[in-house]
Amino acid sequence: EHLISHLTPCTNTNSQNRPITDNTMKFPFSAIFPLLISSSAASAGDAKQPARLSFQSLLPSANGVDGLVRLTDALTLDGIISVTGVQSSDGSSFGDIKKMMMAHLTSCLLDRDAVSAADGASSRTTAFEDGTIRRSLAMMGDISADDALASLPDTSSCKQFKSHLSSFRDTVDSVTDAFARRLSNEMASSMDTPLMTGRDQEQWKDISAVVEGGIKLEHFHSYQKPAVSSSVRGHTVTVDVDVKTIDFHTDQGFFLAFSPGLIVSNNVVTELSDGFYIEDRLGNKAELQFGGQDDLVFMMGDGVNQYINNKIRGSKPLRSTPHALKLTPQNATQARVWYGRMMLPPNEALVAGFDATYAELRADVIEHVNSEERTPSY
C-alpha cells in the first residue's frame, strides 16, 4: 500500500539489506516519498500465502515467550506476518467488526466529498496512472482522529462507519502492543540498548518502548478503478489494465499494520481483494493471497534499516518488504477498501546521524513541501 512518513532520513540498502544512510544533506526531503525498489511490472508469478500466527500465540505464556512460534522467523525472511483469531475487548470477532465498518467507508467518503464540493472545498481524491481513483481518511494520533471524524457528514453511511470505529481502533491498539512486546522479547538478547535517545536524556530502551512512545499514522483508503476512462478534478483519467496502481516500494515507517483489502458493493463486503504483490528476499515477485482468517498483517518498513538493524548483534536483520498494488477494473458500485497504521518513531527521539528530533525533521519536511507547493499523496 501507499503510506508516507514525514519522519525519517533517506536510506538505501546493500545486498545484505543493511542501511546505507546518506547524511550529506541536513534533511533529505526525498524521504517523504516511498523508496522505490523496482520499476518492473508486477508479474503474475506463483501466489504465496503469508506466514501466520494466532493472536493468542503473541501473548506471554506462563514461562515468558512461547518458543513454538517466532515472529523473527518470518520478519527476517520476507518481513511480513499475518495475525489470526483476533477478538475485540468485548469478545466480538475483529473480522466481523472490520467488515461491518469497512462496508460503509466508500459511501461515507463519497458523502463527504459531495458536501465538500457543495461548499467549494477541494476534493480529497488521488488519481493514479492506471485510472484508479482513491479517496482517503487520514489520522495521526487521537486529536487528528477527532478532526478527521468531524469532517465526516451526518449521513447514514458515515454513522454506520463511525459506530464501529472505536472498537476497531482499540483492537488494533491491543494487537499492535502485543506484537511489539513479543518482538522485543524475542530480540532482547541480540539488541543494543537503548534503541533511541533524546536531547534531555530520554531513552526508549527497546522495540516495545519505541512503539508505545511512537506516532500512529492511520489511513482508510477506498480505491475505485472504473472500466472506462473518467474525469477527476476536471482531468480525464485513462484506464490502463496493464499498469500497476502503485509500484514496488518500501514504506518509510518502522512497520505497517494493515487489514487486507476488501471488495465492497452497495455497502456490502462481497470478497477479499487480490492484486497485492511482494518481492521476496530472493528478488522474486509474487502475489500474496490473503484469506478470511487474516485479521491484521504486520509488514516491516524501511525504518528497520534506519534504527533497528544497526542495533542488532549476531542475529539476522529484519527485512523491509517491497510491495506493490495492481487493481483490476470494477463496475460503478464496487470499491476496494483498506486500512493501514504506520508506526513512526517518537517525536522527541533524535534522528540517527543528525542533531535533530523526528518532530523537527517533520516540521522541516512540511515547510519544504509547502515551499514546493506539493501535497504528498498518501
Side-chain angles (χ1 to χ4, degrees), residues 1-5 8-22 28 30-51 74-82 126-132 134 136 217 219 221 223 225 239-261 273-290 294 297-306 309 317-328 336 338 340-343 376-378:
E1 300 294 340
H2 199 32
L3 285 169
I4 298 172
S5 162
T8 50
C10 184
T11 55
N12 293 315
T13 56
N14 58 19
S15 59
Q16 287 75 44
N17 208 35
R18 298 287 187 177
I20 306 171
T21 304
D22 179 6
S30 59
I32 66 172
F33 299 104
L35 175 65
L36 291 183
I37 299 298
S38 171
S39 60
S40 60
S43 61
D46 293 338
K48 296 185 60 164
Q49 300 287 325
L75 300 183
T76 58
L77 292 177
D78 290 331
I80 189 168
I81 194 165
S82 171
T126 302
F128 292 91
E129 290 184 1
D130 71 332
T132 297
R134 185 178 67 193
S136 301
L217 177 61
H219 283 90
H221 289 321
Y223 296 87
K225 184 172 182 177
V239 174
D240 190 333
V241 297
D242 296 321
V243 174
K244 296 178 295 300
T245 308
I246 300 172
D247 209 338
F248 279 95
H249 66 285
T250 55
D251 292 319
Q252 286 286 324
F254 176 9
F255 61 79
L256 179 67
F258 69 91
S259 61
S273 171
D274 58 7
F276 182 81
Y277 293 82
I278 66 167
E279 181 179 302
D280 67 19
R281 62 193 180 280
L282 301 177
N284 300 316
K285 299 178 177 68
E287 185 174 7
L288 201 61
Q289 287 189 338
F290 296 111
D294 297 311
V297 180
F298 290 85
M299 180 171 65
M300 298 296 99
D302 192 54
V304 300
N305 295 319
Q306 300 171 14
N309 289 342
L318 301 180
R319 181 177 185 273
S320 58
T321 309
H323 55 285
L325 179 66
K326 184 178 181 182
L327 299 182
T328 56
R336 178 188 187 269
W338 178 90
R341 173 185 291 187
M342 183 181 289
M343 291 306 307
S377 169
Y378 297 128

*asked:* Between Pro50 and Leu288, is there a side-chain heavy-atom distance shorter than 4.5 Å?
replied: yes
*asked:* Any heavy-atom pair between the side chains of Thr132 and Arg336 that's under 4.5 Å?
replied: no
*Who pairs with Thr245 by side chain to side chain donor-acceptor pair (under 3.5 Å), at least two apart in sequence or on another chain?*
Asp130
*Provide the closest heavy-atom pair for Ala324 versus Lys244 in the form atom of the first, atom of the second, distance.*
CB-CD, 4.4 Å
*Which value, rounded to the nearest 0.5 Å, describes the distance between Arg341 atom CZ and Leu217 atom CG?*
10.5 Å
*Mind checking side chain to side chain donor-acceptor pair (under 3.5 Å) for Asp274 and listing every partner two or more places apart, or none if nothing turns up?*
none
*Would you please name every residue forming a salt bridge (charged side-chain N to carboxylate O under 4.0 Å, His left out) with Asp294, sequence neighbours left out?*
Arg52
*Which heavy atom in Lys326 sits nearest to a heavy atom in Tyr277, and how many Å separate them?*
CB-CE1, 4.0 Å
*Looking at CD1 of Ile278 and NZ of Lys285, how far apart are the two atoms once the value is rounded to the nearest 0.5 Å?*
11.5 Å
*Ser320 and side-chain hydrogen bond (donor to acceptor under 3.5 Å, both in side chains): which partner among Asn309, Asn305, Thr250?*
Asn305
*Would you say His323 and Glu279 make side-chain contact, with heavy atoms under 4.5 Å?*
no
*asked:* Taking the side chain as everything from C-beta on, heavy atoms only, tell me whether Thr321 gets closer than 4.5 Å to Asp78.
replied: no
*Testing Val243, Ile246, Leu325, Leu327 for side chain to side chain contact (heavy atoms under 4.5 Å, CB included) with Phe128, which one passes?*
Ile246
*What residue among Trp338, Phe248, Phe258, Tyr223 forms ring pair (Phe, Tyr, Trp, His ring centres under 6.0 Å) with Phe276?*
Phe258
_Heavy-atom check, side chain of Thr126 versus side chain of Ser136, under 4.5 Å_ = no
*Which heavy atom in Met300 sits nearest to a heavy atom in Leu318, and how many Å separate them?*
SD-CD1, 4.2 Å
*asked:* If we ignore hydrogens and angles and just use 3.5 Å, is the side chain of Gln289 paired with the main-chain N or O of Gln49 as donor and acceptor?
replied: no
*asked:* Once ring-ring contact (aromatic ring centres under 6.0 Å, His included) is applied, do any residues pair with Phe254, and if so which ones, sequence neighbours excluded?
replied: none
*asked:* Let me confirm one number: the CZ-CD1 distance from Phe298 to Ile80, rounded to the nearest 0.5 Å.
replied: 11.0 Å
*Which pair of non-hydrogen atoms, one from Lys48 and one from Asp280, has the smallest distance, and what is that distance?*
NZ-CB, 3.9 Å
